[in-house]
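Report on the following structure.
Because the structure is predicted, anything quoted here is derived from the model rather than measured. The sequence lines fix the lettering, A, B, ..., with proteins before strands; numbering per chain opens at 1.
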There are 6 protein chains.
Amino acid sequence: MTEKIGEAARTVVSNTTEIIALSPDDGVASIEGHLDEAVAAMGVLDVIRQDNNESDAYIIACFGDPGLLAARELTDRPVLGVAEAAMHAATFVGSGFSIVTTLARTINIARHLVLLYGMNEHCRRIRASELEVLALEDPKSDAFKIILEECQKAVQEDECNAIVLGCAGMADLTKNLSAELKIPVIDGVVAAVGFAEALVRMGLKTGKMHDLAFPLKKSYSGIYAPFSSK
Amino acid sequence: MTEKIGEAARTVVSNTTEIIALSPDDGVASIEGHLDEAVAAMGVLDVIRQDNNESDAYIIACFGDPGLLAARELTDRPVLGVAEAAMHAATFVGSGFSIVTTLARTINIARHLVLLYGMNEHCRRIRASELEVLALEDPKSDAFKIILEECQKAVQEDECNAIVLGCAGMADLTKNLSAELKIPVIDGVVAAVGFAEALVRMGLKTGKMHDLAFPLKKSYSGIYAPFSSK
Amino acid sequence: MTEKIGEAARTVVSNTTEIIALSPDDGVASIEGHLDEAVAAMGVLDVIRQDNNESDAYIIACFGDPGLLAARELTDRPVLGVAEAAMHAATFVGSGFSIVTTLARTINIARHLVLLYGMNEHCRRIRASELEVLALEDPKSDAFKIILEECQKAVQEDECNAIVLGCAGMADLTKNLSAELKIPVIDGVVAAVGFAEALVRMGLKTGKMHDLAFPLKKSYSGIYAPFSSK
Amino acid sequence: MTEKIGEAARTVVSNTTEIIALSPDDGVASIEGHLDEAVAAMGVLDVIRQDNNESDAYIIACFGDPGLLAARELTDRPVLGVAEAAMHAATFVGSGFSIVTTLARTINIARHLVLLYGMNEHCRRIRASELEVLALEDPKSDAFKIILEECQKAVQEDECNAIVLGCAGMADLTKNLSAELKIPVIDGVVAAVGFAEALVRMGLKTGKMHDLAFPLKKSYSGIYAPFSSK
Amino acid sequence: MTEKIGEAARTVVSNTTEIIALSPDDGVASIEGHLDEAVAAMGVLDVIRQDNNESDAYIIACFGDPGLLAARELTDRPVLGVAEAAMHAATFVGSGFSIVTTLARTINIARHLVLLYGMNEHCRRIRASELEVLALEDPKSDAFKIILEECQKAVQEDECNAIVLGCAGMADLTKNLSAELKIPVIDGVVAAVGFAEALVRMGLKTGKMHDLAFPLKKSYSGIYAPFSSK
Amino acid sequence: MTEKIGEAARTVVSNTTEIIALSPDDGVASIEGHLDEAVAAMGVLDVIRQDNNESDAYIIACFGDPGLLAARELTDRPVLGVAEAAMHAATFVGSGFSIVTTLARTINIARHLVLLYGMNEHCRRIRASELEVLALEDPKSDAFKIILEECQKAVQEDECNAIVLGCAGMADLTKNLSAELKIPVIDGVVAAVGFAEALVRMGLKTGKMHDLAFPLKKSYSGIYAPFSSK
């Protein structure tokens, strides 16, 4: 899935931009709940910590945007979450969007993001396809068909004119879904990478004040010791 | 001012993107109220109508985003407003932003955009510098100093870590303001152009359903006759 | 339709109040989208400009309330939109209302008004009858029947106890709909005229400060030249 | 105070409308807190019950609008509260209003009404003058001066272009305040009476469904026995 | 019903806490509308007035929380409403709750509480079972079955993981409903009593400032004379 | 600090309730930013995982409520955060509260909780005392004095009648602050423990459906391996 996400990302950047797609060393293969989000957040932070500002921008390629604000605290490079980027993109090309996600248990996670990102007026509905994340990897699954059907219901019932895909693992389905539905279908990976490149061109960095100022110098113990200030 | 805006736009695009900066034939030199917005909206729509989809995307370079939704109805190419783009960019690099605009009479126009764009939680305050738009063109005015002072008040009083400039005519001040303030100062022109280029790369077009479907075929009379369907 | 609207207005005023119903010289016969709204806004402003404060109050007889705030900038006489008046009236006689409008493409326009007017808690749902505006003029159309059916669905499904009609062209249907439905059915024309007369009696004029202060003295070019300050 | 309120009401109605101003038999001379509101609500309901639908409409002339929804349940005639009417009127003639009320202890009561009436975006601030209600009756008090000063602060600090007076007992001050402040100053009594007359002309009655349907037939005991169904 | 409520309350307190369950002398047997709420509010206030701070805390055992704020004004002892307590408890054990209440005419009363208590994001839906309150007392009614079915619909359709029972008279059904539904079913009586005991242990009393300060010293006339200051 | 928090907790429970106060093995001594929150969340989850449902309820004694929803996913025992409990308690004893916290960098963390918990209408302001968390431990610091002064400003400027302390480390200051301020000062530790005991008495457990259902069975790698399903 990491590779698939990397490829999707490369389709959208200019040819001078390099995409490095990687997974945290420690973590979980699929993110489908609050615990997974908490674990993934630490993974994201560890990757950014280890990268040591070598990159110009960071994308968190999981629809829950785990660790987004902590990542913005840790580095001054732009950091974007794919849920965030997809929802903002949807407001640029539509007047209302629905989210089509994987398991129903992730709906409430998306709902909180909708609230925090100010999308209550734009997000018409969050729909679960009840596909597990890893089924998206399985060529024998009916993933495309199932997601398409849920998107079609959204078009018919939700008064939306854009669809946001609620899992980074759906990145490869975007084009075909869009062709079938005749409205924009937005994959957050592509949106986040596109916007991040734009932010870098604009010369914008994260505002290092208040909650986004660099972390205070302090010690972390045990398995978190690597985060201690040097 | 149109030229200044065009130059700002060119700083952010890749070298294969051409920027065409133009003003409507009929209209008003500065937009500082609801009447000006209504007139400017028609100007925007007339430019887009005449362009006949020759462009890949359109930017509305006035902070009131006049005619934004009608423009999205008129064409399927991405259309971005500079207020919209600046506010969304501000949420990517800050956890709260203040807007520094020209005349106090424009505050309520910005307030409505903040509400419609879902920015009530992110926008800390809208501040007027009480500069007229055309004073921004006058090399003898204290424009930079006055705006800088208002931005400094925002930093001290508003718990913001990003500033949104509330007039497209401030595009040339961004870099120097940002250098002084140590937090991102966001010009909507640059943000809108950057995001529009990203949307084009992503292959996203406006969702032509519901209110954003192409206009119904009908006749417009008198000075609006050019909008009639052919 | 202008005549029908004028007649509806006359039913509600006291006999010392004169109603002048007129259409702008330039514009569009029916308003069914964002472009139509933008064109209609200019028409409204042109009528008010030409009236030169001869009238005691102005009503904008289109459910999108095109040009409402600009009209309040242009004159100090009370200006009311019919959507605005109908929604406010609905909160006086009901605890929740649904809007029954013409085409689905106008739903999002109404939704924005609901948000801007603070009606999110009172408006239960916006329903489209999928009648074109001009079909309301056609004696052979099933307009009354179609709208009645949509109103009945609202009563059954939306927990509302008032109906707001979403088009000024429905003014003549109000009484019969109300008789069938046993709950108040509100036409914005009648509501706006009634409230405007009340505001005039109260001696209230528009607050000419901030965004509603008279326009700054400036020049408009081309077809908008008549708006230039004298 | 009842007489003063009646006189204010008579200034706004057409000459065929009769105003009956009365106080409940049992109750409290001034309403300055939640307990007073609860007592006043019963007084309002008792007056309406005794009136037996002899009147065409009812006004609740206390800024807390005590008993408003229960009154709408008890009768099908339009019932308006003065806070409600004043705030709605303020949105017709201004883009933002501040409320100037009596004691600070009533601020939170007004705040709840602002929320319930959907006025959070329009109400800029609620200000207390710290005058007791009955001081408004005292010719030796500085009532006018104190209220004027608070209104002037509102104009300077709150970005408002309308003032809502937060007590029915201020009805006689409206004209002079408005003349001093150059923006509309709105007394709820006049606004409620004006709108109520308009609703009667429109033929609108309260929607007798859901929570506003007539009360269920049942017995009330003790001092509330008069409310029992016959 | 008062006895049933008292028993439910006793199940949750520690053995040093005494529960006194009583009904006001004057009032109404069931509370099913705005008028009933207004009458019940006075009953609540009269009980608290007569109790003369003999109790450590007060519970208002009706789902509309009648007189809640006036009660908090009248005494400094903690006062809790059962709707309030149930909704807050539901946010502690679920991420979204639905309310299952008695008659549809009470839905709007609950809706206002949801808004005032800040529960718009947590409350998924308010459902009426169309049972009259007194049917809950009738052993021959299908009360349990009817409420269970409505709860089951909530579980299936509302994306909730907690149920709030919308009537204090349902207190005895909680355990069996919860056992059937496999999610927490919350009776407000038990929740209010539990939280009130906790507040007393914490030593918290009502903040006697602003609107919750003790009532001003004044006279009430007629049947409300007992509320006059001594 | 852990000991101090444990002691505060013990003051509020009945004598049959045992309080176990402990810190995670791995983590950070003070929580003052998004990174600290992310680390603390994992610590909270690890403690709950290791406890293996031995406890009847869990309290997260850090004002950011780190890991709250993931904890509710991991166990069916009630889990309360101290920010959550304190804010809910404040709505029971006041009509508006201000939060007094440590460093300004934590304000935005509290602001997000206010939004997610539905407290936007109740929370008047979030104030930073600019004390570091560990200074609360230092007997030579002016912690009490500094916090008292900030609370006094809140009382004078914020129209609040309750104070919420924004750090679990302030638990020992509550009584003295309250005595000085004459309004309730609420420590979240005490509130959370009190409410948790009440929830246990009520027999309420977390609703194990949707996002709060037990985690899916899956493997976690590296340092997170202990969270893998057995």
What part of Val200(F) is in contact with chain E, defined as an atom under 4.5 angstrom from a non-hydrogen atom: side chain, backbone, both or neither? neither

Under a 4.5 Å heavy-atom cutoff, which of Ala162(E), Ser14(E), Gly94(E) has the most pairs with chain F? Ser14(E)

Between Val193(F) and chain E, with a heavy-atom cut-off of 4.5 Å, which part of the residue counts as in contact: side chain, backbone, both or neither? neither

Part of Glu197(F) within contact of chain E (heavy atom distance under 4.5 Å): side chain

Arg201(F) side chain vs Thr11(E) backbone, donor-acceptor pair below 3.5 Å: no

At a heavy-atom separation under 4.5 Å, does Leu116(E) approach chain F through its side chain, its backbone, both, or neither? backbone

Heavy-atom proximity to chain E below 4.5 Å, by part of Phe97(F): neither

Contact origin within Leu69(F) toward chain E - heavy atom pairs under 4.5 Å: neither

Just how far is it from atom NZ of Lys208(E) to atom NZ of Lys182(F), taken to the nearest 0.5 Å? 15.5 Å

Pairwise side-chain contact, Tyr117(E) with Met119(F), heavy-atom cut-off 4.5 Å (strictly under): no

Of all heavy-atom pairs linking Gly207(F) and Pro184(E), the shortest is CA-CD, 3.3 Å

Just by distance, do the side chain of Arg72(E) and the backbone of Ser95(F) share a donor-acceptor pair under 3.5 Å? no

How are the rings of Phe195(E) and Phe195(F) set relative to one another: parallel (under 30°), tilted (30 to 60°) or perpendicular (over 60°)? tilted

Would you say Asn161(E)'s side chain and Met209(F)'s backbone share a donor-acceptor pair under 3.5 angstrom? yes

Please round to the nearest 0.5 Å and tell me the distance separating atom CG of Asp187(F) and atom CG of Leu204(E). 9.5 Å

CD1 on Ile183(F) to NE2 on His210(E), rounded to 0.5 Å: 7.5 Å

Please name the pair of heavy atoms, one in Val93(E) and one in Leu212(F), separated by the smallest distance, quoted to 0.1 Å. O-CD1, 4.3 Å

Using 0.5 Å steps for rounding, measure from the CD atom of Glu84(F) to the OG1 atom of Thr91(E). 5.5 Å

What part of Ala191(F) lies closer than 4.5 angstrom to a heavy atom of chain E: side chain, backbone, both or neither? both

List the atom of Val12(E), the atom of Met202(F), and the distance in Å for their closest heavy-atom pair. CG2-CG, 3.6 Å

Given Ala89(F), Cys160(F), Ala85(F), the one with more heavy-atom pairs under 4.5 angstrom with chain E than any other is Cys160(F)

